[in-house]
> 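Take a look at the following structure, please.
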Amino acid sequence: MEITQLIKVGVSKAVEALYQHSVSATDILVSATRKEFEGDYTVVVFPFTKAARKAPPAIAEELGNYLVEHVEDIEAFNIIKGFLNLVVSNSYWSKFLSEVAGQEQYGKHPDNGERVVIEYSSPNTNKPLHLGHIRNNLLGWSMSQILTTAGYDVKRVQIINDRGIHICKSMLAWQKFGNGETPESSGMKGDHLVGKYYVAYNTEEKKQKAALAEAGKEDDEPTILTEAREMLLKWEDNDPEVRKLWEMMNGWVFSGFDTTYKRLGVSFDKLYYESQTYLLGKDAIDAGLEKKIFYTKEDGSVWIDLEDAKLDHKLVLRSDGTSVYMTQDIGTAQERFKDYKMDKSVYVVGNEQDHHFKVLFKILERLGASYADNLYHLSYGMVELPEGKMKSREGTVVDADDLMDEVVQIAKQESEERGDVADLPADRKQEVWRRIGLAALKYHMIRVSPRKTMVFDPKESVDIQGQSGPFIQYSAVRANSVLKKAGDWGGDVSAYSTPESQEKDLMVMIKRYPDVIQEAVKNYDPSLVGNYAYELAKSYNKFYHDIRILKAESEAAKSFRLLLTQVVSRTLESALTLLGIEVPERM
RNA sequence: GGUCUCGUAGCUCAGCUGGAUAGAGCAGCUGACUUCUAAUCAGCAGGUCACAGGUUCGAACCCUGUCGGGAUCACCA
């Protein structure tokens, strides 16, 4: 049994024995002792005052004595007000360290037999990925890694919104103004090229609107919009020419997205295309009508009444019989279950769709879907710039590719100034810079809890000092460097019996790692792992600064510290991997 | 207007199911490289945890209300 559990059980028994009162071990609060105090773990004794009918310090005294006597690894204690600080034996720690070092993947849970499908990214195909997508992708990827580590069989999917009026707009503008331009002929990435024509469309539409307004006909539709609508109709009619154009331009976009995903380090097990799924869901509506879950209005439109769930009425089928977004999502959910028979579903989608997902989940529940209880909307806040929201109309959208370029460029500059990797061959240097730059960007985004709207300053995004990706990488690189210098090492760790506070601090941190992963799973929150990695790196830096490893005072101390270093390095690397961050060979 | 959500240092953010004197980083000031990598470490300064009540031995955290920011409430996707 692990130490915090031993303490809880011990306290539970002590309370029973001393005060004839039963407390469940799970209700007992055990936390790491704060640094300013002596001890490793702290029990809060206030909750027992009623049962004991004594002052907290007196209770702490009695509990402390009981624990020291009955729990093997508790060696001593001290009391500050109502807090009982326990000192864990040194032999426990050296045992713990050896155990962790012996594990192939510390923190990894064995398969739990459950499958979870996580949907993320899900872009439109009319323009390239931007800052908001980066947050989405990093959250999705990171969450999928965390779930995998927690023992789930994870399937990563996205649904690509490859049809609709917005794509037609890009297509139309390309036809009108493109002169046959292609990614090859222009040297542009496909998604950027298509994005360029989306902008061109909007410029033209604006121009026409202005002209109409001038002529006093502001209620008229601009002809270019009419044309776009017509194109959409042709698309739906399977017009061969429109379809061909559509396929060609979508192809450009997809290959552009692929490049971006690869650079970001994310991937998918399966792609769903809306062009293939948008007709799904109607069967479900029919079935729901039969079961009287939905009702039909006089005009033929189909609705669901969710007033009892405080969600109002919601349209699920238009009066002309065509589907709405909700219809498709119902269909896609069913399709996905058919494909994967998953136990859980996670949708990584921005918080502007909170309401949509509440309704969707409720409808699926009403329809009696077996998986309805295990749907989760991983909702995240918008990414804003210091000057406010990103507006594509105002050209303030931060492009994903540009941002990655910039961040790597800055890492390169910094690195060259320091000259730490100057002797590496060019390709390896490049790889180091890539890892550092991306780490800065990724950490910056993922350290904020998902739900919060975050402010992203591109200039400061490449934080390299303080709480940053490179800071954590640096600790890992240092640790690896020491291990390399140490050459062959081994030796009896248990012979070292007087760990310093910095060493104990590290061990307590390491011990927390599996719990942190569990918390991240429970809360669907990768930022917990990010913050943990930073804390661990910080502790290691302090240890590294204060204590000699290779020139330790004894062989036993040296072995112990090297083993500790190895465990820290592995844990840091593991935590960073969960965030999609790689450790460079040097920096 | 209804619903949801956020409000913690000049700025960006932590703060686990209520527990010790509310913590980091950046920015500002001060120290530490002949030592295992100074992308580091140590220190100073910076707070009415939006506000007001309530519950509790104990509240940044729970409840109620108020004020501010954001989102959403489409036969749009």
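Throughout, protein chains are lettered first and strands after them, A, B, ... in sequence-line order, and every chain is numbered starting at 1.
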> Between Ile464(A) and Glu535(A), who's closer to the 5' end of RNA chain B by nearest nucleotide?
Glu535(A)
> Using atom C1' in both nucleotides, what's the gap between C16(B) and A22(B) to the nearest angstrom?
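Looking at atom C1' only, C16(B) and A22(B) are 15 Å apart.
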> Record whether the side chain of Thr42(A) comes under 3.5 Å of the base of A20(B) through a donor-acceptor pair of N or O atoms.
yes
> If the C1' atom of C11(B) is compared with that of A71(B), how far apart are they to the nearest Å?
24 Å
> Assign Glu384(A) to base, sugar-phosphate, or nothing according to its heavy-atom contacts below 4.0 angstrom with the strands shown.
nothing
> May I ask whether Phe46(A) stacks on the base of G58(B), given the cut-offs of 5.5 Å between ring centres and 30° between planes?
no
> Could you give the distance separating G54(B) and A14(B) at their P atoms, to the nearest angstrom?
31 Å
> Would you measure the distance from the P atom in C62(B) across to the matching atom in U30(B) and give it in whole Å?
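Per the computed distance, 42 Å lies between those P atoms.
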> Expressed in whole Å, how much space separates the P atoms belonging to G65(B) and A20(B)?
29 Å
> Give a yes/no verdict on a cation-pi contact between Lys558(A) and Trp489(A), requiring under 6.0 Å between NZ or CZ and the six-membered ring centre and an angle within 45° of the axis.
no
> Closest-nucleotide mapping onto RNA chain B: is Arg163(A) or Phe456(A) further toward the 5' terminus? I mean the 5' end.
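In this pair, the answer is Phe456(A).
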> Taking only the C1' atom of each, what is the distance from A39(B) to G23(B) in whole angstrom?
23 Å
> Between the side chains of Gln502(A) and Asp546(A), is a donor N or O closer than 3.5 angstrom to an acceptor N or O?
yes
> Under a 3.5 Å limit for both distances, which nucleotide forms a Watson-Crick or G-U wobble pair with A39(B), could you say?
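Because no pair has both required distances under 3.5 Å, A39(B) counts as unpaired.
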> Is C33(B) syn or anti, taking syn as a glycosidic angle within 90° of 0?
syn
> With C1' as the reference atom in both, quote the distance from C29(B) to G19(B) in angstrom, rounded to an integer.
35 Å
> Do Glu503(A) and Tyr496(A) pair up side chain to side chain, a donor and an acceptor below 3.5 Å, judged on atom types alone?
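On atom types as modelled, these side chains qualify, holding a pair under 3.5 Å.
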